[in-house]
Every structure is written in C-alpha cells, then in structure tokens.
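Worksheet: one structure, shown below.
Just so you know, residue 1 is the first one in the sequence shown, and it goes up from there. When a ligand or atom number is given, it counts from 1 through the structure's own listing order.
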Amino acid sequence: MEKTNNAPIGVFDSGVGGLTVAREINRQLPRESVVYFGDTARVPYGSKSKDTIIRYSRQIVRFLQTKDVKAIVVACNTASAFALDTIEAELNIPVIGVVKPGAKSAIENTRNKRIGIIGTEGTIKSELYTEYIHGIDPEITVIGKACPLFCPLVEEGMLHDSVTYEIAGRYLDELKEQSIDSLILGCTHYPLLRSTIREIMGEGVNLVNPAYETAISLGELLKQKGMRADIHAKPDYTFYVSDDTERFRRFANSIMPFEIEETNRINIEEF
Ligand code: DGL
C-alpha cells in the first residue's frame, strides 16, 4: 500500500532514552508525526547480546508497521549497532539509525583525527562506530569507552548531582589523556549529561549529539524521497511502552516540549 506523506514516523528505543531523538525530530521537523515505542519491559539493551537485540528489534518493527509508519528511526544506539542492517534489509520503507549520522558529524569536524566515543557496553563492543569511521577515513584513531552507570543516573534524574560528576570524571579521565578533539555521545541518554561531560572534557572537545544529527539526516532522507509531511500537516505524537506507563510518562514530560497525557502499554511479545 502506498504510504501518505503525512503518515507517522516510527521511532523506537529500549526505553525512555530515545525521547532525546524524538525531541530533536519535533524541533527540526515540526510537521512530522511520530509513533514512539519504548521497550521499558526489556530495557537495558546495552548489556544484551546481538541475537537478542535483533529479535527485539524485529518485534518492534512489526508492531510499528501496524501503525502504518512511513519510515523507521532506530533511536537506540545499541539497536542501531546490532540490528540496523538486518531490519533495513527486511523492510521496504526508509530506515535510519543513530550511529552513522553521529559518526559522520565527528569525521567532518575532527581536526587532529582523534575521536572518542562513549556508549553502552554493547555499542562499544560492537565497534560499529569505529568500523564506520574507518570505512570513511582509516587514519582516524577512535577510542571507545563504555559508561554503563550513566543511564541509571539519568533515569534517576541525577543530571547535575555530585555523584554523577564523580562517576563521569572516572569514565572520562581516560579519554582526556588521549587528546581527542571530538567525543560522540553514543547513547540516547548521554546528551542529557552534556553539561557535566562538557565541564570534564573542556571547551576544546567537540561534543557530538547523534540525536541531533539523526534528525538532520532524517529530514534530508525524507526530502530526497519526496516523503516530507505537507505544510498543512498537523503533527501527532503517540507513545507506546511494553511496561509501566506512568514512569515513562513522567520522564517523557520532562523531555518533550509538550504535555503527554496518554501512554499506551502493549504486549510486545505478541508481535
Ligand atoms: N538506548 C540505549 C542506547 O542508546 C541505552 C539504554 C540501554 O542500555 O538500553 O544504547
């Protein structure tokens, strides 16, 4: 069936983190509608195997297709690293992940060819950021560091807490010694820690936000395919989760620029 340009974009993540991507889509592509799915029952993805993440991603894609989405954004870095190629090959609508747009921006902006990347264990172990960067410029040195405590700290709302600062210092000191000039915030939650990371890394390091870069790439992709929502389109955001809706809604309301009154719970294992 032919999709209309005003059909929604499906955006999915392991939980609340992908809302940083949905927020950027809303800022940069204000006429687009979004169906967001957060896999709150099975989060975190960052410590799970590739096979599991592919299985979860396929189920979510099947669910999003029931909403007639015109394109899919894999907002989760771990799912982008592990499952993007698989789902892209299986779908006939545009699919975009967060890894390539983030990596591309870091490549374009590095002057000393030393890029740092922070993310979940899964994202760092997959080495997909490194692979992609080296595919474009093999002379760039890429230094990865997993920061597994960042996600729970963000979800506890401890964005500016001294504990967060202390932990960030421990994770990032190692990268500071490596004279990187660009640092990719390679996890959905990390842009929310930007000011702490900025303070520790200093002004000389360019912080790359893949959520922001992904919204730009998505806009370009939709334009190229003639799939942008028309100028009279009224944007509509709907939210689905696989577990408790209230916790998600509270977090979402602290991130999104509009009030979210309703979140729907679905059984993702049925898909
Ligand atoms: N959304 C995940 C990511 O960007 C972080 C949270 C998780 O581990 O599931 O990799």
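The atoms of ligand 1 that sit less than 4.0 Å from any heavy atom of Ser14 are 1 (N), 2 (C), 6 (C), 7 (C), 9 (O). For ligand 1 and Val43, the ligand atoms under 4.0 Å from any heavy atom of the residue are 9 (O). Interface of Asp13 with ligand 1, defined as ligand atoms under 4.0 Å from a residue heavy atom, comprises 1 (N). Residue-ligand proximity, Tyr45 to ligand 1, at heavy-atom distances under 4.0 Å covers atoms 7 (C), 8 (O), 9 (O).
Qualifying side chain to side chain contact (heavy atoms under 4.5 Å, CB included) partners for Ile266, counting only residues two or more places apart in sequence or in other chains: Phe37, Phe63, Tyr240, Ile268, Phe271.
Follow the hydrophobic side-chain contacts under 4.5 Å out from Ile143 and you never reach Tyr132; the two are in separate clusters.
Contacts between Thr78 and ligand 1 below 4.0 angstrom, taking non-hydrogen atoms only, involve backbone and side chain alike. Both the backbone and the side chain of Thr188 come within 4.0 Å of ligand 1, judged by heavy-atom distances.
Within the structure, the closest approach of Gly46 to ligand 1 falls below 4.0 Å when heavy atoms are considered.
Between Tyr190 and Phe150, the angle of the ring planes goes over 60°, which puts this pair in the perpendicular group of the 30/60° scheme.
For the residue pair Asp230 / Asn6, a side-chain donor-acceptor distance below 3.5 Å is found, with atom types taken as modelled.
Residue Phe251 places its CZ atom among more than 12 non-hydrogen atoms of other residues, nucleotides or ligands, all under 6.0 Å distant.
At the top of the distance list for atom 2 (C) of ligand 1, counting protein heavy atoms only, stands Cys76 SG, 3.5 Å. Looking only at protein heavy atoms, the nearest one to atom 5 (C) of ligand 1 is Cys187 SG, 3.5 Å.
For Tyr237 and Tyr36, the gap between ring centers reaches or exceeds 6.0 Å.
Inter-residue side-chain proximity for Ile9 and Val69 is flagged as unmet; no heavy-atom pair is nearer than 4.5 Å.
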